[in-house]
Amino acid sequence: MIASLTLPETLRSSARELTLRRATENDLTALMRLLADDPISAARGDQADASDTEAYRSALLEITADPANELLVVTNDGGELMGTMQLTRIPGMARRGSTRLLVEAVRVRSDTRSGGIGTAMMRWVTDTAAPALGASLVQLTSDEARKDAHRFYERLGFVGSHRGFKYPISSSAGSK
């Protein structure tokens, strides 16, 4: 948990109020469903299968115990999970010792996309979280197949300035 972030926070999206808060174990099933709701994640093994619950629980607990990480969820006024994202604060030597804020696993429930939820989430990251964490740069990666997501991030002012690479390591948890 990144202690310097003041949460929960109210986000506004398409004339509705949402709550951005830290994820808890009570969110686990909804988080699993949200990851499986995404075709690319589903193809990588996020199937929301009950037999995977302990692997997801372990990951959630590890993320929330780490002072440089935050797993956030967005809920509507009924408490339904609408979106999620993971933040990681990365101190660095490059750029004269700049701190970066890495945004990963941004997901918005498919039946609520294009309703401003993702925009509200990312605006909070750039306008509130990054300054609170002393980050001079917000960065993210996006799968090459996510053309709509690329247009979304560019519309928000993100620049596709680098090319990312991954090297899969076999493990019992699957490739990431």
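Grouping the Ile, Leu, Val, Met, Phe, Trp and Tyr side chains by contacts below 4.5 angstrom, directly or via other members, places Leu11 with Tyr153.
Each of Leu72, Val108, Leu71 was checked for a side-chain contact (heavy atoms from CB on, under 4.5 Å) with Thr84, and the lone residue meeting it is Leu71. A side-chain hydrogen bond (donor to acceptor under 3.5 Å, both in side chains) with Thr141 is found for one member of Lys166, Glu104, Arg163 and no other, namely Glu104.
Listed for the Ser4 side chain is no donor-acceptor partner under 3.5 Å among the backbone atoms of Leu133. Looking at His150, its side chain does come within 3.5 Å of a backbone N or O of Asp143 through a donor-acceptor pair. Checking side-chain atoms of Ser58 against main-chain N and O of Glu54 turns up no donor-acceptor pair under 3.5 Å. The main-chain N or O of Gly79 is found under 3.5 Å from a side-chain atom of Asn76 such that the two form a donor-acceptor pair. In this structure a side-chain-to-backbone donor-acceptor pair under 3.5 Å is missing from Asp46 to Leu35.
Using a cutoff of 4.0 Å between basic side-chain nitrogens and carboxylate oxygens, Arg89 and Asp66 are not scored as salt-bridged. By the 4.0 Å N-to-carboxylate-O rule, Arg151 lies too far from Glu154 to be salt-bridged with it.
Side-chain contact between Glu17 and Asp77: absent, with no pair of heavy atoms (C-beta onward) separated by less than 4.5 Å. Here the side chains of Ile117 and Val74 are in contact, with some heavy-atom distance below 4.5 Å. Side-chain contact between Arg22 and Glu70: present, with at least one pair of heavy atoms (C-beta onward) separated by less than 4.5 Å. The side-chain heavy atoms of Met82 and Thr19, taken from C-beta on, include no pair separated by under 4.5 Å.
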Asp38/Arg33 under salt bridge (Lys or Arg N to Asp or Glu O under 4.0 Å): CA gap, chis, key distance, verdict: CA-CA 9 Å; Asp38 175 73; Arg33 281 196 306 263; over 6 Å; no
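By the side-chain hydrogen bond (donor to acceptor under 3.5 Å, both in side chains) test, Asp111 is found to be paired with Arg109, residues two or more places apart in sequence or in another chain being considered.
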Return a table of donor-acceptor pairs under 3.5 angstrom between the side chains of residues 91-102 and protein atoms on other chains or two or more places apart.
residue : atom : partner : partner atom : Å
Ser98   : OG   : Arg95   : O            : 2.6
Ser98   : OG   : Ser136  : OG           : 3.1
Arg100  : NH1  : Gln139  : OE1          : 2.8

Show me the donor-acceptor pairs, under 3.5 Å and distance only, between side chains in residues 119-128 and residues at least two apart or in other chains.
residue : atom : partner : partner atom : Å
Arg123  : NH1  : Leu156  : O            : 3.3
Thr126  : OG1  : Met122  : O            : 3.3
Thr126  : OG1  : Arg123  : O            : 3.3

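The shortest non-hydrogen separation linking Ala23 to Val73 is CB-CG1, 3.9 Å.
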